[in-house]
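Numbers restart at 1 for each chain; the letters A, B, ... are given by sequence-line order, proteins then strands.
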Amino acid sequence: MTSEHPFPSPVRVRFAPSPTGTLHVGSARTALYNYLFARHLQGSFVLRIEDTDAARSTPEFERSILDDVAWLGLDWDEGPDRGGDFGPYRQSERSAAGLYLSYAGRLLDENKAYHCFCSQERLEKLKQECLARNEMPKYDHRCGAISSDEAESRLAAGEPATIRFRVSDGDIAVDDLIHGRTAFPAGVIGDFIIVRSDGAPSYNFAVVVDDIDMEITHVIRGEDHLTNTARQLLVYAALAKEPPAFAHHSLIMGPDGGKLSKRHGATSAGDFRQLGYLPAAIINYLALLSWSPPSQREQLSKAEMIKDFEIRRVARSPAIFDLQKLNWLNGLYIRDLDHEAFHRAIEPFLGAAREFASEGQLAVAEQAIQTSLVALAGAREQLAAFFDQRPLAEAKESVELVDAGSERVLELALLRIAALNSAAEFNAAGATEEIEAARLMLSELKRQCRQEKIPPKQMFRTLRIALTGRASGPELPFLLAGLAREAVRQRLEEAREFAAARLRGKV
RNA sequence: GCCCCCAUCGUCUAGUGGCCUAGGACACCGCCCUUUCAAGGCGGCGGCGGGGAUUCGAAUUCCCCUGGGGGCACCA
């Protein structure tokens, strides 16, 4: 059914957001599917701004959306910011250029559309009556009977009017690349407005005109548009234009099965950006929501997705957004970063932590946390072991220091402090070397402890608690190297005094 | 209410009539590694919503039910 649908080359698809909010993950996935489809077939990916709703659209949202799409790595070939042969790419500008009105005029001339003078009140009443009769609300045709002469004179008199599309009889079938054929019975849709009383085109009209003018070959969008497609097909027919191929993908649900919304937590691309999710992880996750590659692999680069993407491999059923799986993928991508790339990625999330560290110390700390991060924004908390030392008196774990063996561990460690460099003595390039030095120091210390019958476990725990006031955190070699000689000495000495004072009953 | 879509482990999915006593991934549980927490390795738990029909044979085809979702604007 759908598999043998021809894909004319070159293919042209578009992502057409409305700048009335930020980029939602659902829209991001729509953009992604369009992008992958276009790149897979070496076609064009067009970005169009649907801002005919002047009341809700803002330039800020438009910029924010473009920004997020770019951040996700979905580069477009044509768009409002970069032009193209089919512009303008903003509906407000296209409207100002009279593009829609000329098409509407044609429909009016051919009696395929008519002026409607009904008031909002009457329309509302009509709707209620339909509902009361258990019918699907639809316009009753009233103004369709007005003669063009009468319409002209009422228009001339300044009476406000919309332009309605005259819906013809007959079933409407939508051939969908994902769903196959779905038919809408005749009569379920009434004459709909194509031009509002303020002269702006309505969605179902503007989309068709734009897709025709921009020579869009495939429309890939959310399933919430399926019923709109029936209306749009009618407009194509009235304009005597061949419609593009359609593919309606399923919607993303929240964990409770309901529509994904703010109450489910982060839902916009920007939210995830702020939390420190990598674009590669997000598009990878979003692609896997509904789509699966023949290889069944889970971690896929953009290039691999482009290579394998096929619209027919997109599942039909709705998908629940699973943050845990996104977290897993994000962790994979974070761990895949080399030291420099990780440094660049984590930098914006460091906050105050950055000021406390020398370049070398920071590099060590970064290596320490890279394997355990789920999202970059978790860095500050993980870095706490280095930068926010918890006073021993406040840490319940510190009782473990009050022990002859522990006191001895601290003494021995202090004697080996020279193995560590001073904070100023190493830079980012020397970080790995410094960690190795700390590792060596620890193994020597361990050997000595063994000789003195102090269990290694006690040694490691003692040092960890002495250095951080906590029982868990980064591995000790990272801690020692990251803190560097001065801080290590200071904390060790404090701990020794703490232990000594309590051991001898002075506190 | 009316119209449309959807239905495989808790979640995302593979599966297009026999290769399925249904495969993978996340999550969960256990074990290993180990100085902690992670990471990593190994293993385990767990599913075709229900009922009919077609067929030698149905997760796969058809019908009904149930459940979920979407649409029904001078929003997109």
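In this structure, A:S398 contributes its side chain and A:E394 its backbone to no donor-acceptor pair below 3.5 Å. Of the possible polar contacts, one joining the A:T468 side chain to the A:R464 backbone as a donor-acceptor pair under 3.5 Å is found. Looking at A:R14, its side chain never comes within 3.5 Å of a backbone N or O of A:R48 through a donor-acceptor pair. Formation of a donor-acceptor pair under 3.5 Å by the A:N204 side chain with backbone atoms of A:Q232 is not found in this model. Using modelled atom types, no side-chain atom of A:R470 and backbone atom of A:S472 make a donor-acceptor pair closer than 3.5 Å. Using a distance-only test at 3.5 Å, with no hydrogens or angles considered, no donor-acceptor pair links the side chain of A:S27 to the main chain of A:L23. Using a distance-only test at 3.5 Å, with no hydrogens or angles considered, no donor-acceptor pair links the side chain of A:S92 to the main chain of A:A54. Distance alone, capped at 3.5 Å, is enough to place a donor-acceptor pair between the A:N284 side chain and the A:L300 backbone.
One can place CG of A:L131 at 9 Å from C1' of B:C2, the figure rounded to the nearest angstrom. Straight-line distance from the CD1 atom of A:I178 to the P atom of B:C4: 20 Å, rounded to whole Å. Per the geometry, CD belonging to A:Q91 stands 13 Å off P belonging to B:C75, to the nearest Å. In this structure, the NE2 atom of A:H248 is 16 Å from the P atom of B:C4, given to the nearest Å. In this entry the distance linking CD1 of A:I252 with C1' of B:C6 reads 16 Å, nearest Å. Residue A:D198 contributes atom CG, which lies 13 Å from atom C1' of B:C75 at whole-angstrom precision. At whole-Å resolution of the value, CG in A:L123 and C1' in B:C72 are 14 Å apart. In this structure, CG of A:N134 is placed 10 Å from P of B:C3, rounded to the nearest angstrom.
Here the side chain of A:S197 is nearest to one of B:C4, B:A76, B:C74, namely B:C74. For A:E298, the listed nucleotide lying nearest its side chain is B:A25; candidates were B:C12, B:A25, B:U13. Checked against B:U11, B:C6, B:C4, the side chain of A:H179 finds its nearest nucleotide in B:C6. Counting only heavy atoms from C-beta on, A:P185 has its side chain closest to B:C4 among B:C4, B:C12, B:U16.
Using C1' as the reference atom, B:G49 and B:G68 are 11 Å apart when rounded to the nearest Å. Spacing of P atoms, B:U8 relative to B:C62, comes out at 16 Å, to the nearest Å. For the P atoms, the distance from B:C12 to B:G52 is 28 Å, rounded to whole Å. Separation of the P atoms belonging to B:A14 and B:A53 is 30 Å when rounded to the nearest angstrom. For the P atoms, the distance linking B:C65 with B:C9 amounts to 23 Å, nearest Å. Between the C1' atoms of B:C26 and B:C63, the separation comes to 36 Å (whole Å). Rounded to whole Å, the separation between the C1' atoms of B:G47 and B:U21 comes to 14 Å. Nucleotides B:G15 and B:A7 are separated by 15 Å at their C1' atoms, to the nearest Å.
Taking A:L278 as the reference, A:A281, A:N330, A:Y333, A:I334, A:L337, A:L376 meet the side-chain contact (heavy atoms from CB on, under 4.5 Å) condition, with sequence neighbours excluded. By the side-chain contact (heavy atoms from CB on, under 4.5 Å) test, A:V399 pairs with no residue at all, sequence neighbours left out.
Contact annotation for A:L288: backbone-only contact, meaning every heavy-atom pair under 4.0 Å involves sugar-phosphate atoms and none involves a base. A:Q458 comes within contact range of no nucleotide atom at all, as no heavy-atom separation falls under 4.0 Å. Within the 4.0 angstrom heavy-atom criterion, only backbone atoms of the sugar-phosphate kind lie near A:A183; the bases stay farther away. Residue contacts shown for A:K127 are limited to sugar-phosphate atoms, with no base heavy atom under 4.0 Å away. Across all strands shown, A:Q296 has heavy atoms under 4.0 Å from base atoms, whether or not it also approaches the sugar-phosphate. Among the protein residues, A:T52 comes within range of the sugar-phosphate backbone only, with heavy atoms under 4.0 Å from sugar or phosphate atoms but none that close to a base. Among the protein residues, A:S292 comes within range of the sugar-phosphate backbone only, with heavy atoms under 4.0 Å from sugar or phosphate atoms but none that close to a base.
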Counting primed atoms, P, OP1 and OP2 as sugar-phosphate and everything else as base, the B/S/- map of nucleotides 27-39 of chain B against protein heavy atoms under 4.0 Å is S-------BBSBS
Reading nucleotides 65-71 of chain B from 5' to 3' and marking B where a protein heavy atom lies under 4.0 Å of the base, S where only the sugar-phosphate is that close, and - otherwise, the string is ----SSB
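For the segment residues 13-21 of chain A, residues with any heavy atom less than 4.0 angstrom from an atom of RNA chain B are, sorted by number, A:S18.
The pairing partner recorded for B:C20 is none, the criterion being a Watson-Crick or G-U wobble arrangement whose two distances lie under 3.5 angstrom. Checking B:A39 for Watson-Crick or G-U wobble geometry (two distances, each under 3.5 Å) identifies no partner in any strand. B:G57: no Watson-Crick or G-U partner with both key distances under 3.5 Å is found in any strand. Base pairing annotation: B:G1 forms a Watson-Crick or G-U wobble pair with B:C72, both donor-acceptor distances under 3.5 Å.
Between A:C118 and A:R29, it is A:R29 whose nearest contact on RNA chain B lies nearer the 5' terminus.
The residues A:R408 and A:E411 are annotated as salt-bridged, a charged nitrogen and a carboxylate oxygen being separated by less than 4.0 angstrom. Using a 4.0 Å cut-off between a side-chain N of Lys or Arg and a carboxylate O of Asp or Glu, A:R142 and A:D140 do not qualify as a salt bridge. Salt bridge present: A:E436 and A:R439 bring a charged side-chain N and a carboxylate O closer than 4.0 Å.
In this structure, the ring of A:Y33 has its center no less than 6.0 angstrom from the ring center of A:H218.
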Criterion side chain to side chain contact (heavy atoms under 4.5 Å, CB included) on A:F321 and A:T267, from CA distance to verdict | CA-CA 9 Å; A:F321 191 86; A:T267 50; over 6 Å; no
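In this structure, A:Y114 and A:H141 have parallel ring planes: the angle between them is below the 30° cut-off, well short of the 60° mark. Using the six-membered ring where Trp is involved, A:F246 and A:Y236 have ring planes that are perpendicular, over 60° apart on the 30 and 60° scheme.
At the phosphate of B:A76, OP1 or OP2 sits under 4.0 Å from a side-chain N or O atom of A:R196.
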Report each atom pair, protein N/O against N/O of nucleotides 58-64 of chain B, whose distance is under 3.5 angstrom.
none

